[in-house]
Amino acid sequence: MSTITKGDVRKIAMLAQIRVEESELGTIMQEISSILTFVGKLQQADCSFAHDAISDATQQTPQRLDIVHLANTREELLANASEAAFGMFSVPKVVE
Amino acid sequence: MTESLTHKTLAEARDGLRKRDFSSYDLVQAFQKRMAKYQSLNAFITECSEYALQAAKVADTHLQNGTVRVLEGIPLAVKDVFCTKGIRTTAGSKILENFVPPYESTVSQKLHDAGAIFLGKTNMDEFAMGSSNSSSAFGQAFNPWKKINNNKLLSPGGSSGGSAVAVAAHLCLGAIGTDTGGSIRQPAAFCGITGIKPTYGRCSRFGIIALASSLDQAGPMTKTVRDAAIMLEIMSGHDPQDSTSVAIEVPHFEAEIGASIKGMRVGIPKEYAVEELSVELRTLWDEGARWLTDAGAHIVPVSLPSTPYALPAYYIINPAEASSNLARFDGVRFTHRAEAHTLSDLYEKSRAEGFGKEVKRRILMGTYVLSAGYFDAYYGKAREVQAFIRQEFLNAFQNVDVLLTPTAPIGPFAVDEEPKDPITMYLNDVLTVTVNLAGLPAISVPAGLTQEKTPFGLQLIAPHFKENRLFRAAAVLEACAHFPYWRDCA
């Protein structure tokens with residue numbers, strides 16, 4: 001369970017949408033395998049007496065008034081765009 | 001004159017401003033002069049020079065006409081992970097190098113509304129992933145402290161390294177940081193300052209660029225415990241824009257400073273005496289326990305057997321949440337965009353070019369542990385362990401009021417000697433991550449110097465929403481430590 005292959009790295013890089021070059025696969029495979037070995041210690045933990053106490057739900061979900069308010073304007077949001085045109089985000093043409 | 005202003009504590013500066021001993025403009029100018037002098041520390045990614053001077057003029061008007069707010073005219077620094085409206089916010093990453101937020105984080109807004117002035121945005125590990133500040137796309141920040149008889153540059157710790165440097169080197173009166181696994185407390189310990197991670201839900205996370213949303217918390221980093229109490233009181237409170245912030249009364253934390261700890265039960269968890277902790281640091285830990293005993297507290301041995309499982313659980317939950325949170329940075333809307341001819345190319349190349357090595361490693365690791373077939377074995381098990389750790393803390397707090405531990409297993413290391421493999425670097429967090437997994441508050445206080453003359457921090461941990469106990473006990477440690485705050489050699 002604690003080692004992964006170059007093929008696994010290719011697959012997770014594809015899932016994570018990060019380009020990984022062939023030359024990087026070996027190093028990443030080793031690093032992630034060593035992290036997986038380290039975190040694999042968890043399998044030894046006996047958690048049988050712990051109940052699910054992550055959330056105490058100590059408070060009720062707060063309610064707010066249903067009032068429309070303007071958080072951001074189109075101009076403000078587009079100010080950070082890599083490219084913008086006609087009041088919209090502009091992206092490279094990807095369909096022929 | 002300049003140094004007499006910059007070396008004040010936040011509380012001293014607050015009182016001096018009100019007595020009109022000096023103006024906010026004088027203060028801001030003094031800090032800006034010092035920021036220029038110590039530019040080589042690389043504490044700031046972005047400086048807000050013009051804004052700060054203008055804000056100081058406004059603050060001086062308030063001070064003159066008697067409409068004084070709590071932090072009127074106080075110059076602070078802000079970790080570059082808090083969105084600041086109109087001021088570039090990078091999270092230490094190339095992918096956000098040109099991002100100027102159209103909105104303000106709740107915590108920075110609260111400080112601004114209280115009259116504070118922001119001198120700039122501080123350096124940090126990229127997306128707060130790191131314990132040395134070395135993963136910043138804007139270069140390493142450097143610890144102002146140096147080892148005796150050794151001129152090597154030291155790491156300030158991380159991820160809030162720039163904030164810790166700015167406070168320690170007197171480049172601001174206080175700073176804000178974020179803590180997901182120790183990112184306020186470990187750099188505070190490395191740089192000889194105070195840093196508190198409040199209870200999860202005490203401060204709003206709205207406008208903080210998320211790393212691991214279930215663990216992230218904002219907190220103050222200051223020269224003294226009193227200053228941390230002053231800042232946290234302002235930063236705290238329920239925010240409708242963060243569904244995990246808790247609607248609970250915010251106490252007057254500053255009133256705890258100087259209060260008696262007579263009868264306080266202080267737990268010493270034996271599992272925190274980890275292998276990596278040196279004999280010298282163990283001795284300093286014992287000394288801290290003696291100081292509290294001398295002040296009237298009772299020391300109680302405590303066992304938290306789940307402690308060894310905390311770091312492995314953390315390094316599953318953190319990458320899992322990070323991989324999800326960072327999916328939004330794709331080159332389409334507001335981030336770095338690579339040249340590409342297909343949609344997949346655009347995503348993959350923009351992210352490959354924009355993210356650094358540690359960020360990519362955690363995204364890949366997180367993607368793996370969340371993928372079909374591995375989810376239960378890794379993420380599911382980590383969540384079980386998290387519940388187990390939390391339960392143990394709750395049990396321990398039936399018998400003790402606070403816990404006392406060292407903050408980090410080692411002191412600041414030279415930047416050219418930092419661990420190259422990720423696991424050794426992750427071990428920096430071994431004494432701090434438990435607190436984040438359990439959602440508890442914890443404070444790091446500078447408690448002395450090692451034989452190499454570098455700072456050493458002690459950590460106090462309290463039950464949920466009992467930060468008042470932390471301030472009370474931390475003030476005692478601080479008073480006993482007589483910590484020699486960093487002074488310029490020049």
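Lettering of chains follows the sequences in order, A, B, ..., and the numbering in each one begins at 1. Computed over heavy atoms, backbone and side chain alike; hydrogens, waters and symmetry mates excluded. Note that this is a predicted model, so its numbers are computed, not measured.
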With a 4.5 angstrom heavy-atom cut-off, which part of [X] approaches chain B: side chain, backbone, both or neither?
| X | value |
| --- | --- |
| I28(A) | side chain |
| A79(A) | neither |
| E21(A) | neither |
| T73(A) | neither |
| E31(A) | side chain |

Examine whether an atom of [X] lies under 4.5 Å from a heavy atom of chain A, and if so say whether it belongs to the side chain, the backbone or both; otherwise answer neither.
| X | value |
| --- | --- |
| A382(B) | both |
| L364(B) | both |
| T335(B) | backbone |
| A313(B) | both |
| S323(B) | neither |
| Y426(B) | side chain |

Looking at [X] and [Y], what are the two nearest heavy atoms and their distance?
| X | Y | answer |
| --- | --- | --- |
| N98(B) | N80(A) | O-OD1, 3.5 Å |
| G331(B) | S82(A) | O-OG, 4.1 Å |
| A45(A) | V385(B) | CB-CG2, 4.0 Å |
| I18(A) | K360(B) | CG2-CD, 4.1 Å |
| K381(B) | L42(A) | CE-O, 3.1 Å |

Below 4.5 Å, heavy-atom pairs only: which of [options] has the largest tally toward chain A?
| options | value |
| --- | --- |
| D345(B), L346(B), L326(B), D421(B) | D345(B) |
| L343(B), V369(B), I423(B) | I423(B) |
| P422(B), A338(B), G439(B), P102(B) | P102(B) |
| R351(B), R337(B), E353(B) | R337(B) |

Using 0.5 Å steps for rounding, measure from the [atom1] atom of [X] to the [atom2] atom of [Y].
| X | Y | atom1 | atom2 | result |
| --- | --- | --- | --- | --- |
| T342(B) | K93(A) | OG1 | NZ | 14.5 Å |
| R361(B) | T27(A) | CZ | OG1 | 10.0 Å |
| Y368(B) | K11(A) | OH | NZ | 9.0 Å |

Could you tell me if the side chain of [Y] sits less than 4.5 Å from the side chain of [X], heavy atoms only?
| X | Y | answer |
| --- | --- | --- |
| Y378(B) | L36(A) | yes |
| P312(B) | F38(A) | yes |
| L311(B) | K41(A) | no |
| E76(A) | K85(B) | yes |

Looking at chain B, which one of D8(A), N72(A), I35(A) has the largest number of heavy-atom pairs inside 4.5 Å, strictly under?
I35(A)
Can you check whether V20(A)'s main-chain N or O pairs, donor with acceptor, with E348(B)'s side chain at less than 3.5 Å?
no
Working note: Q44(A) + Y309(B), criterion side-chain contact (heavy atoms from CB on, under 4.5 Å); need CA distance, chi angles, decisive distance, verdict.
CA-CA 9 Å; Q44(A) 301 159 14; Y309(B) 300 118; 4.0 Å; yes
